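For reference, the structure is listed below as structure tokens.
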Amino acid sequence: MGIEVVVEGLTKSFGRQTIWRDVSLTLPAGEVTVMLGPSGTGKTVFLKSLIGLLKPERGRVMIDGVDMVNDPDHKVYRQRKLFGLMFQDGALFGSMNLFDNIAFPLREHTRKKEPEIRRIVLERMEMVGLGGEEKKLPGQISGGMRKRAGLARALVMDPQIILCDEPDSGLDPVRTAFLSQLLIDVNARIDATMLIVTHNIEIASTVPDNIGMLFRRDLVGFGPREVLLTSEEPVIAQFLHGTRHGPIGMSEEKDAATLAAEAAAGHPARRKVEIVPQLQPSSGLPVRQGAIRHAARVDSMLPRLPYAAQQAIFDNRRHHAGAGGQL
Ligand SMILES: Nc1ncnc2c1ncn2[C@@H]1O[C@H](COP(=O)(O)OP(=O)(O)OP(=O)(O)O)[C@@H](O)[C@H]1O
């Protein structure tokens, strides 16, 4: 089962530039979370802080009793083995074939013998739909396949926490839809805690149990997917609806005068965003244990959630019950 990641009061700066401040959230064990935010709001910096590659000035990141920010390096290194990382470009070695790329962490960090390495690598390649492609070089395959190879490599060490940095970058909508399903399927198989950083609204609205959003150096929202997807908070609604009207400007944020002028002119009608049901694992795969725990957690907070979020939660459950789904 995945491990809970508890972030408390995290603040990160580079020199005089504060990236974000006082970020607190919990990635619940085995659940899938998406972190949204306009470009440059520090989503990648956040991922790197979780694994202790960057050190925030204040706050803690607690993983099974280890503080990834403040504990000594040897403890942080040990805990880092719990993570699987999937980078934007797959981060593959161009001169190695897919098999050797995916085997790399096992050869580098374990004493496993080649037959066992082979078994693990072939199993993970099968899992991400790359069976039979072992001999290909990264330069000979499509961007989508490179990402899946990056995911297979992230899986060989049996991670309990998986971090994906913009897994959709450069993918067309169809490949993005396949990748979304793959991420849910991986979660169903291994019950790892997953955090996906993306700008992609399709992924945000179909994949996660929880959504967070970073903007203007703050975590402006975090909670069950339906809470964010129905949010009237201007910055969250603007981002999810993809409109020009709202606090997010061309570079990052609009000044007060621009916002006042917009308000005086009145807001144009928003494109309606339909809240689609959350993806379920492909048929034949196990029930997502993270989704079961998520549903129990949501039940306990349900009376405190906004009415629109409650309705969206019921709609999602009704849809899956009607489709013979898991929750
Ligand atoms: N090592 C570093 N030293 C100094 N500044 C950095 C460093 N790493 C990141 N930054 C700055 O931190 C800010 C946030 O960067 P980050 O890459 O985390 O944003 P992001 O939200 O992931 O953006 P995008 O969606 O465009 O990938 C940027 O202004 C970036 O220049």
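If you're wondering where the values come from, they're calculated on a predicted model, not measured in any experiment.
- Here the straight-line distance linking atom CD1 of Ile190 with atom CD of Gln289 works out to 13.5 Å at 0.5 Å rounding.
- Side chains of Asp315 and His319: no donor on one and acceptor on the other come within 3.5 Å.
- No side-chain donor from either of Arg58 and Asn70 sits under 3.5 Å from a side-chain acceptor of the other.
- A salt bridge links Arg124 with Asp158; the closest basic N to acidic carboxylate O contact falls under 4.0 Å.
- Met145 and Phe104 fall into different hydrophobic clusters, where Ile, Leu, Val, Met, Phe, Trp and Tyr are joined by side-chain heavy atoms under 4.5 Å apart, directly or via other members.
- The two residues Arg21 and Thr11 make their nearest non-hydrogen contact at CA-OG1, 3.5 Å.
- Pairing each heavy atom of Val69 with each of Pro56, the nearest pair is CG1-O, 3.6 Å.
- At least one donor-acceptor pair closer than 3.5 Å links the side chain of Glu134 to the backbone N or O of Gly132.
- Classification of Glu133 and Lys136 as a salt-bridged pair holds, one side-chain N sitting under 4.0 Å from a carboxylate O.
- Between the side chain of Arg288 and the backbone N or O of Ala188 there is no donor-acceptor pair closer than 3.5 Å.
- Rounding to the nearest 0.5 Å places CZ of Arg148 at 10.5 Å from CD1 of Ile102.
- Residues Met194 and Leu27 are not in side-chain contact: their nearest non-hydrogen atoms beyond the backbone lie 4.5 Å or more apart.
- Donor-acceptor pairing under 3.5 Å is recorded for the side chains of Asp209 and Gln278.
- Both Leu85 and Ile3 are assigned to one and the same hydrophobic cluster, defined by single-linkage of ILVMFWY side chains at heavy-atom distances under 4.5 Å.
- The closest side-chain donor-acceptor pair between Gln181 and Asp185 falls under 3.5 angstrom.
- No side-chain heavy atom of Asn316 sits less than 4.5 Å from a side-chain heavy atom of Ile313.
- Atom CD1 of residue Ile51 and atom OH of residue Tyr77 lie 11.5 Å apart, to the nearest 0.5 angstrom.
- Checked by atom type, the side-chain pair Asp165/Thr44 shows a donor-acceptor distance below 3.5 Å.
- Ile184 and Phe178 end up in different hydrophobic clusters when Ile, Leu, Val, Met, Phe, Trp and Tyr side chains are linked at under 4.5 Å.
- Val23 has its side chain within reach of Leu214: a pair of non-hydrogen atoms, C-beta onward, lies under 4.5 Å apart.
- To the nearest 0.5 Å, atom CD1 of residue Ile63 and atom NZ of residue Lys75 are 13.5 Å apart.
- Between Glu31 and Arg293 no salt bridge is recorded (no basic side-chain N to carboxylate O distance below 4.0 Å).
- The closest side-chain heavy-atom distance from Leu171 to Lys147 is below 4.5 Å.
- In this structure, Leu106 is not a member of the same hydrophobic cluster as Met96, with clusters built from ILVMFWY side-chain heavy atoms closer than 4.5 Å.
- Classification of Glu123 and Arg119 as a salt-bridged pair holds, one side-chain N sitting under 4.0 Å from a carboxylate O.
- Rounded to the nearest 0.5 angstrom, Arg175 CZ and Leu182 CG are separated by 13.5 Å.
- Ion pair Arg107/Asp100 flagged as a salt bridge, since at least one NZ, NE, NH1 or NH2 atom sits closer than 4.0 Å to an Asp/Glu carboxylate oxygen.
- Put simply, the side chain of Thr198 never gets that close to the backbone of Glu166: no donor and acceptor are under 3.5 Å apart.
- Side-chain contact between Thr230 and Ile275 is present, with at least one heavy-atom pair separated by less than 4.5 Å.
- Within the 4.5 Å cutoff, the side chain of Thr26 has heavy atoms near those of the Glu4 side chain.
- Remark: Arg153 is positioned above the aromatic ring of Phe93, its terminal NZ or CZ atom under 6.0 angstrom from the ring centre and at most 45 degrees off the axis.
- Closest heavy-atom contact between Pro303 and Ser300: CD-O, 4.2 Å.
- Put simply, the side chain of Ser180 gets close to the backbone of Thr176: a donor and an acceptor are under 3.5 Å apart.
- Grouped with Met62 in one hydrophobic cluster are Val6, the linkage being side-chain heavy-atom contacts under 4.5 Å among Ile, Leu, Val, Met, Phe, Trp and Tyr residues.
- The closest side-chain heavy-atom distance from Ile196 to Met86 is not below 4.5 Å.
- How far CD1 of Ile161 is from CG of Asp64: 8.5 Å, rounded to the nearest 0.5 Å.
- Contact detail for Val276 and Arg225: the closest heavy-atom pair is O-NH2, 2.7 Å.
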Point to revise | Candidate pair Leu183 and Leu151, rule side-chain contact (heavy atoms from CB on, under 4.5 Å), full reasoning | key: CA-CA 9 Å; Leu183 291 169; Leu151 180 58; 4.2 Å; yes

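- Taking each heavy atom of Ile201 and Phe239 in turn, the nearest pair found is CD1-O, 3.7 Å.
- Side chain of Asn200 to main chain of Glu202: a donor-acceptor pair is present (N/O by atom type, distance under 3.5 Å, no hydrogens or angles).
- Cation-pi contact between Lys12 and Phe14: present, with separation from the ring centre below 6.0 Å and deviation from the ring axis of at most 45°.
- Of all heavy-atom pairs spanning Asn101 and Pro105, the tightest one is O-CD, 3.8 Å.
- Note on Met127: it clusters hydrophobically with Val121, by side-chain heavy-atom contacts below 4.5 Å among ILVMFWY residues.
- Counting only distance, with no hydrogens or angles, the side chain of Ser13 and the backbone of Arg16 share no donor-acceptor pair below 3.5 Å.
- When side chains are defined from C-beta on, Pro234 does not count as touching Ile236, because their heavy atoms never get closer than 4.5 Å.
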